[in-house]
Every structure is written in C-alpha cells, then in structure tokens.
*Asks:* 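Submitted below is the structure of interest, expressed as structure tokens.
We use all heavy atoms of the structure for the numbers below, so side chains are in, but hydrogens, waters and symmetry mates are not. Keep in mind that what you see is a predicted model, and the values were worked out from it rather than measured.
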Amino acid sequence: MELFNQSSSSRFFLLGLSTLPYLEVLGFLTFLLMYLITLLANLLLIIVVRINPKLQTPMYFFRTNLSFIDICFSSTVVPIILKNTLGKDRSISLVECAVQMYFHLAFGSTECFLLAIMAYDRFAAICRPLHYNTIMSKTMCICLSAASWASSFINSMIQVIYTFQMSFCHSHHINHFFCEVPPFLKISCSDTWLHEVSMYITAGIIVSLSFILILSSYIHILSTIKKISSSKGRYKVLSTCASHIIVVSFYYGTIMILYLRPHSHSSSDIDRSVSILYSAVTPMLNPIIYSVRNKDVKDTIRKNLIIHVSK
C-alpha cells in the first residue's frame with residue numbers, strides 16, 4: 001500500500017496571518033521576535049546547564065531536553081507562518097506538509113511525555129529523597145528520555161501516514177497556518193470517523209496518561225509537604241515545583257482543547273489560536289519560566305555570561 005493517497009498528491013494552500021498589509025507586517029514582526037526569543041532563551045538555558053556543575057542533575061537533564069524540543073517544536077511551525085505571512089505563494093506540497101506534520105506531532109508528543117517524567121522526578125526528589133539517586137540514576141534518565149523520543153516518533157509516523165491515506169477532493173485550501181491533523185479531517189471527502197476515533201484514542205493515551213502521572217506525582221508531593229512542620233520549609237519545597245506546574249497547566253490545557261474536543265464542536269478560529277499558543281508561545285515561555293524562579297540559573301547567567309560580554 002502506498003504511503004500517501006495519490007489522488008491527494010498535489011499542493012495544499014495555507015492561510016496567512018491576515019489579508020491586511022499593515023497587520024501582515026505586524027504579525028510577521030511579532031512572530032519573528034517570538035521565534036528569536038525562543039531560540040536564544042532555550043539555547044541560553046542549555047549553555048547555562050552545561051557550564052554550571054551544580055546544575056548537572058536529573059532535573060536539569062530533562063530541562064535541557066525540553067529546551068531542545070522547544071527549539072525544534074517551534075521551528076516546525078514559525079518559519080512556515082513567517083513565509084506565508086509576507087510571501088505570495090502560500091502553497092505547500094503534500095510531502096512538505098507530511099514532513100512538517102510528522103515532526104510537529106513527534107516533538108509535541110515528546111514534550112507531553114517529558115513533562116510527565118519531570119513531575120516524576122520531582123516526586124522522587126521530594127517524597128523519596130534517600131533513594132533519589134538510585135531512582136533517577138543516569139541510566140534511568142537516559143532510558144526514560146529515549147523511550148519518550150522513540151514512542152513519540154513512531155506514533156507520529158503512524159498518524160501522518162493514516163492521515164494522508166484519506167482523499168482530499170473537496171478542497172485543498174487548509175483553514176490553518178500550518179499542517180495539522182484536525183484541519184485535514186474537515187477537508188477530507190473520505191469517511192473520517194475511524195480516523196477521529198484513532199486520533200482521540202492516541203491523544204487520550206499520550207495526554208491523559210501523562211497527565212494522570214503528573215497529577216498522581218503532585219498528590220504525593222502535596223501529601224509530603226503537609227508533613228513538613230515549618231511554613232518556610234513547605235514554601236521552599238513547593239517553590240521547586242512551581243515552574244513545572246505553570247508549564248504543565250499551560251501546555252496540557254491547550255493540547256486537551258485541540259485534540260480531545262469532539263470534532264463536531266470544533267471552531268477553526270479557536271483551533272488556530274490554540275495551535276499558536278502551544279506551538280509558538282509555550283516554547284518561548286518555558287525557558288523564561290524556568291529561569292526566572294531559579295537562583296542558580298540567574299547567578300550563572302550573571303557571573304559567567306554577562307561578565308564575559310561586558311569585558
């Protein structure tokens with residue numbers, strides 16, 4: 001069986017940010033600025049972790065993984081948006097669309113798994129401190145990270161191949177800024193029921209199980225925090241989780257709205273906005289959220305980077 005339906009082997013047409021010239025320029029500059037911040041902030045966090053021995057811990061091993069994913073995740077979407085905002089040709093070939101969709105799904109799924117693993121890391125550090133080094137050994141960290149990447153890329157390949165087995169005879173105009181599964185279901189002239197069920201099951205497994213792991217980890221963490229007698233001690237422990245909780249709430253909230261909502265109740269405008277939030281805004285905010293509340297990161301930036309630049 002061919003990977004892609006040959007009846008659909010033509011070009012698709014994506015949306016620009018606006019049809020008004022001045023809004024196009026404003027949108028282009030906004031997304032360009034967001035993309036540059038995403039690249040610089042995440043690269044900075046990776047460099048900081050590398051040069052500071054105090055940050056060579058499992059938590060920061062996963063945070064550097066997250067930063068790398070955020071760079072790649074944003075890069076699957078924002079360059080296309082920038083190109084289509086000012087360019088006259090907003091078409092994209094089937095193969096280009098499939099490749100972009102593949103990596104977008106893969107990096108997005110990997111981030112879901114990684115955020116769950118990071119919650120488990122906080123659980124091990126707070127609830128099992130004496131066994132932390134054994135539970136989150138270097139080998140275990142590498143295995144957990146590798147499993148997240150491998151499972152996400154395999155799942156993405158299955159979803160993309162399945163999506164492009166459908167026929168798109170109604171229209172080749174995608175009511176979206178980039179290639180994503182939900183908009184393709186709307187323009188398909190095939191029966192999409194089975195594909196929708198498959199998407200909900202897959203998204204349910206990845207998002208829901210990851211979220212359940214995060215939730216159960218924080219239930220145990222809160223139970224442990226309650227046993228700490230001093231309010232200062234409770235605040236100190238809880239503050240180590242605050243950044244992760246903010247990132248999880250923002251990312252999982254947008255993912256669930258897009259992929260776990262019934263197709264019949266979806267709105268193209270809402271879908272586009274939600275996609276932008278988790279694909280372009282979240283990767284920009286993640287390194288900022290993790291850095292602002294962390295003294296070691298701020299000290300490393302001030303002592304090692306700012307001082308060298310000033311010299």
Side-chain angles (χ1 to χ4, degrees), residues 1-5 8 69 72-73 76-77 94 97-120 143-168 170 174-176 178-219 247-268 270-275 277-279 282:
M1 185 175 65
E2 295 176 347
L3 290 181
F4 300 140
N5 189 333
S8 303
I69 289 170
C72 297
F73 193 36
T76 64
V77 170
L94 183 147
C97 192
V99 169
Q100 183 260 297
M101 186 186 291
Y102 170 71
F103 283 107
H104 183 258
L105 273 172
F107 289 125
S109 300
T110 307
E111 184 151 342
C112 276
F113 286 128
L114 202 60
L115 288 172
I117 294 169
M118 291 169 73
Y120 179 72
C143 287
L144 289 171
S145 180
S148 299
W149 283 81
S151 57
S152 297
F153 274 75
I154 291 170
N155 169 68
S156 180
M157 181 176 291
I158 295 169
Q159 292 298 316
V160 170
I161 291 174
Y162 195 21
T163 297
F164 286 97
Q165 283 295 317
M166 297 188 297
S167 297
F168 304 104
H170 292 324
I174 312 299
N175 192 14
H176 210 327
F178 55 91
C179 296
E180 200 168 22
V181 174
F184 275 80
L185 296 178
K186 294 181 180 179
I187 66 167
S188 174
C189 53
S190 304
D191 184 2
T192 61
W193 182 84
L194 192 59
H195 193 286
E196 287 181 53
V197 171
S198 171
M199 185 181 73
Y200 292 141
I201 291 173
T202 305
I205 292 172
I206 294 174
V207 178
S208 300
L209 289 183
S210 298
F211 189 72
I212 288 169
L213 177 59
I214 292 170
L215 196 60
S216 60
S217 295
Y218 278 110
I219 288 171
V247 170
V248 165
S249 301
F250 196 72
Y251 187 74
Y252 276 83
T254 53
I255 288 286
M256 287 178 177
I257 290 172
L258 186 62
Y259 283 97
L260 297 181
R261 185 180 49 180
H263 176 53
S264 58
H265 296 141
S266 64
S267 164
S268 297
I270 294 175
D271 287 352
R272 289 197 301 269
S273 300
V274 170
S275 295
L277 283 175
Y278 84 84
S279 300
T282 301

*Asks:* Looking at every non-hydrogen atom in both residues, tell me the closest pair between Phe103 and Thr76 and how far apart they are.
*Replies:* CB-CG2, 3.8 Å

*Asks:* Could you check if a side-chain atom of Pro183 sits within less than 4.5 angstrom of a side-chain atom of Ile174, using non-hydrogen atoms only?
*Replies:* yes

*Asks:* Given Tyr278 and Phe250, is the ring pair (Phe, Tyr, Trp, His ring centres under 6.0 Å) satisfied, shown in steps?
*Replies:* CA-CA 8 Å; Tyr278 84 84; Phe250 196 72; 9.9 Å; no

*Asks:* Quick one, Leu115 and Tyr252 - any side-chain contact, counting heavy atoms below 4.5 Å?
*Replies:* yes

*Asks:* On a heavy-atom basis, which atom in Ile117 and which in Leu144 lie closest, and how many Å separate them?
*Replies:* CD1-O, 3.6 Å

*Asks:* Could you tell me whether a side-chain N or O of Ser216 sits under 3.5 Å from a main-chain N or O of Leu213, the two making a donor and an acceptor?
*Replies:* yes

*Asks:* Is any side-chain heavy atom of Trp149 closer than 4.5 Å to one of Phe113?
*Replies:* no

*Asks:* Of all the heavy-atom pairs spanning Ser217 and Ala119, show the shortest one and how long it is.
*Replies:* CB-O, 3.7 Å

*Asks:* Do Phe178 and Cys97 have side chains that approach each other closer than 4.5 Å (heavy atoms only, starting at C-beta)?
*Replies:* no

*Asks:* Assign the ring pair Phe153 / Phe107 to parallel, tilted or perpendicular, where the plane angle (0 to 90°) is split at 30° and 60°.
*Replies:* perpendicular

*Asks:* To the nearest 0.5 angstrom, please state how far the CG atom of Leu209 sits from the CD1 atom of Ile206.
*Replies:* 9.5 Å

*Asks:* Would you check, one step at a time, whether the test ring pair (Phe, Tyr, Trp, His ring centres under 6.0 Å) holds for His104 with Tyr102?
*Replies:* CA-CA 6 Å; His104 183 258; Tyr102 170 71; over 10 Å; no

*Asks:* List the atom of Met101, the atom of Ser156, and the distance in Å for their closest heavy-atom pair.
*Replies:* O-OG, 4.3 Å

*Asks:* Show the nearest heavy-atom pair for residues Gly108 and Tyr251, with the distance to one decimal.
*Replies:* O-OH, 2.8 Å

*Asks:* About how many Å separate CG of Leu105 and CD of Glu180, when rounded to the nearest 0.5 Å?
*Replies:* 7.0 Å

*Asks:* For the residue pair Ser152 / Ser109, report whether a side-chain donor-acceptor contact shorter than 3.5 Å exists.
*Replies:* no

*Asks:* So, for Thr110 and Ser148, which heavy atoms are closest and what is the spacing to 0.1 Å?
*Replies:* OG1-O, 4.0 Å

*Asks:* Do Thr282 and Glu111 touch side chain to side chain, with heavy atoms closer than 4.5 Å?
*Replies:* yes

